Protein chains: 2
Amino acid sequence: MTEQVNQQRDEPGGRFDAILDAAEQVFADSGYDGTALREIAGKAGVAQGLIHYHFDNKAGLFERVVARRSGQINEARAENLEKLRAEGTLRLEDIVEALFRPTIEAGIELAEDGGSFSRILVSLANSTDPMAQSLTETYYDPIAQNYIAALQQAEPALSRADAVWAYMFAIGVGMTMMAKTGRPKRLSDGLCDDGDADLMLARIVPFICGGVRALT
Amino acid sequence: MTEQVNQQRDEPGGRFDAILDAAEQVFADSGYDGTALREIAGKAGVAQGLIHYHFDNKAGLFERVVARRSGQINEARAENLEKLRAEGTLRLEDIVEALFRPTIEAGIELAEDGGSFSRILVSLANSTDPMAQSLTETYYDPIAQNYIAALQQAEPALSRADAVWAYMFAIGVGMTMMAKTGRPKRLSDGLCDDGDADLMLARIVPFICGGVRALT
DNA sequence: GTCTATAGTTCGATAGAC
DNA sequence: GTCTATCGAACTATAGAC
């Protein structure tokens, strides 16, 4: 068997991944409806038809973009939680840190842009669109249940309902970091930078933990 | 001067307001880019051309939709805060309540839908689009500064930067109420209903207050 | 696997009658 | 102030050559 005309789908650096990378950026910047496949093809340096060959249609491409990073993020989230459980007592602070750290690292993975994927996550979390709902259900509800259970373990006084609320509120707080609108800087005359993920985590973790404990 | 052929722009119940009402629903359901002016015209029972006569273009219509409710919401927010200041000591709990109550009441104003406008607010707050940024700056940054100052008054140990973070995080938590995705119900087997604004406020207020105090 | 070319649809906006 | 009719642009998706 001789070598193929071009690279396979699973070899990084090929056309397939170039499309995914470009799509991630454009979907993040312009939203699903605001995105034109032409622009993705242009940024990826491929013909528009190739997108349909690999991903069928726009929805298929979007789902692949979400699936790729969601896999990385949620595997890391699960591993982080496993490690904490293995170490013994679950501390609330560690749980929150374990929840958000992987989204940060997935966000800055693409060097040139400012962390595209996290912005896709924000729109996914807030959308009532059936496709968005379905993707959330598939990729994020299972790990959510995992963390909700962990919250209750760390704070036994928390009811089941309040653990769910706590998780939802935590995600809401985290979205102010992932949206990267620049609004904190504007409101604070440059004092607060929502582009600095480590700085933000140092404020987000105590805020959420204080909030959760106030629910008990 | 005899009576006009039809109602004026400032008379409720006229074509002008019918367009705004329909636009609010469709923009909330489908997002800005996902919205077709045809659908708005259809729902409002008017010709598509009338939208351009009254609002010039799609962007103009959207801005008017935002402006209308934002005026109501932020006047109420300002009044609430004034009242608290007049009463004497500022309690953190009252400030948070004063911040979110008006968005709830604006949300349920239109009877038939489930509070459309709050969903527009969510997408506005998370968008990096220039038009969204500009609208946020115009309508929501001034009142934000007002509440940030109030947070510092209520909790003097809070630094200016942390007061800005606290405000941002509070908005993030509030968005889990305004997005109305139904996810809390799904994650809790029906225990948590994000459609019940009063129930949510009873959990959001203590959560945020606990979070803010943890920042000091 | 990748490209070019284009079909077919939908959309925002305009022109002009009433 | 409101409607009908339509233009022109943009988009997704497909067909077919290589």
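Atoms considered below: every heavy atom in the structure, side chains included; atoms not considered: hydrogens, waters and symmetry mates. It should be emphasised that the depicted structure is a prediction, and the values quoted were computed from it without experimental measurement. Chain letters run A, B, ... following the sequence lines, proteins first and then strands; every chain starts at 1.
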Starting at atom [atom1] of [X], determine the distance to atom [atom2] of [N], rounded to an integer number of angstrom.
X     : N      : atom1 : atom2 : answer
A:I19 : C:dG1  : CD1   : C1'   : 10 Å
B:D33 : C:dG12 : CG    : P     : 10 Å
B:F16 : D:dG1  : CZ    : P     : 10 Å
B:Y32 : C:dC11 : OH    : C1'   : 12 Å

Side-chain (B:Q48) to main-chain (B:L37) donor-acceptor, under 3.5 angstrom: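 Such a contact is absent between B:Q48 side chain and B:L37 backbone.
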Main-chain N/O of A:I143 paired with A:N74 side-chain donor or acceptor, under 3.5 Å: no
Residues A:S118 and A:K180: side-chain donor-acceptor under 3.5 angstrom: yes
Distance-only donor-acceptor check, side chains A:S123 and A:Y32, under 3.5 Å: no
Are any protein N/O atoms closer than 3.5 Å to N/O atoms in nucleotides 10-13 of chain D? If there are, list each pair with its distance.
unit_1: D:dT12; atom_1: OP1; unit_2: A:T35; atom_2: O; d: 3.2
unit_1: D:dT12; atom_1: OP1; unit_2: A:L37; atom_2: N; d: 3.3
unit_1: D:dT12; atom_1: OP2; unit_2: A:L37; atom_2: N; d: 2.9
unit_1: D:dA13; atom_1: OP2; unit_2: A:H52; atom_2: NE2; d: 3.3
unit_1: D:dA13; atom_1: OP2; unit_2: A:K58; atom_2: N; d: 3.0

Evaluation steps, ring pair (Phe, Tyr, Trp, His ring centres under 6.0 Å), between B:F169 and B:F207: CA-CA 11 Å; B:F169 297 161; B:F207 183 93; over 10 Å; no
Selection from D:dT2, D:dC3, C:dC3 that lies nearest to any side-chain heavy atom of A:L50: C:dC3
Contact summary for A:T181 and A:D194, nearest pair of heavy atoms: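 In terms of heavy atoms, the two residues are closest at N-OD2, 3.2 Å.
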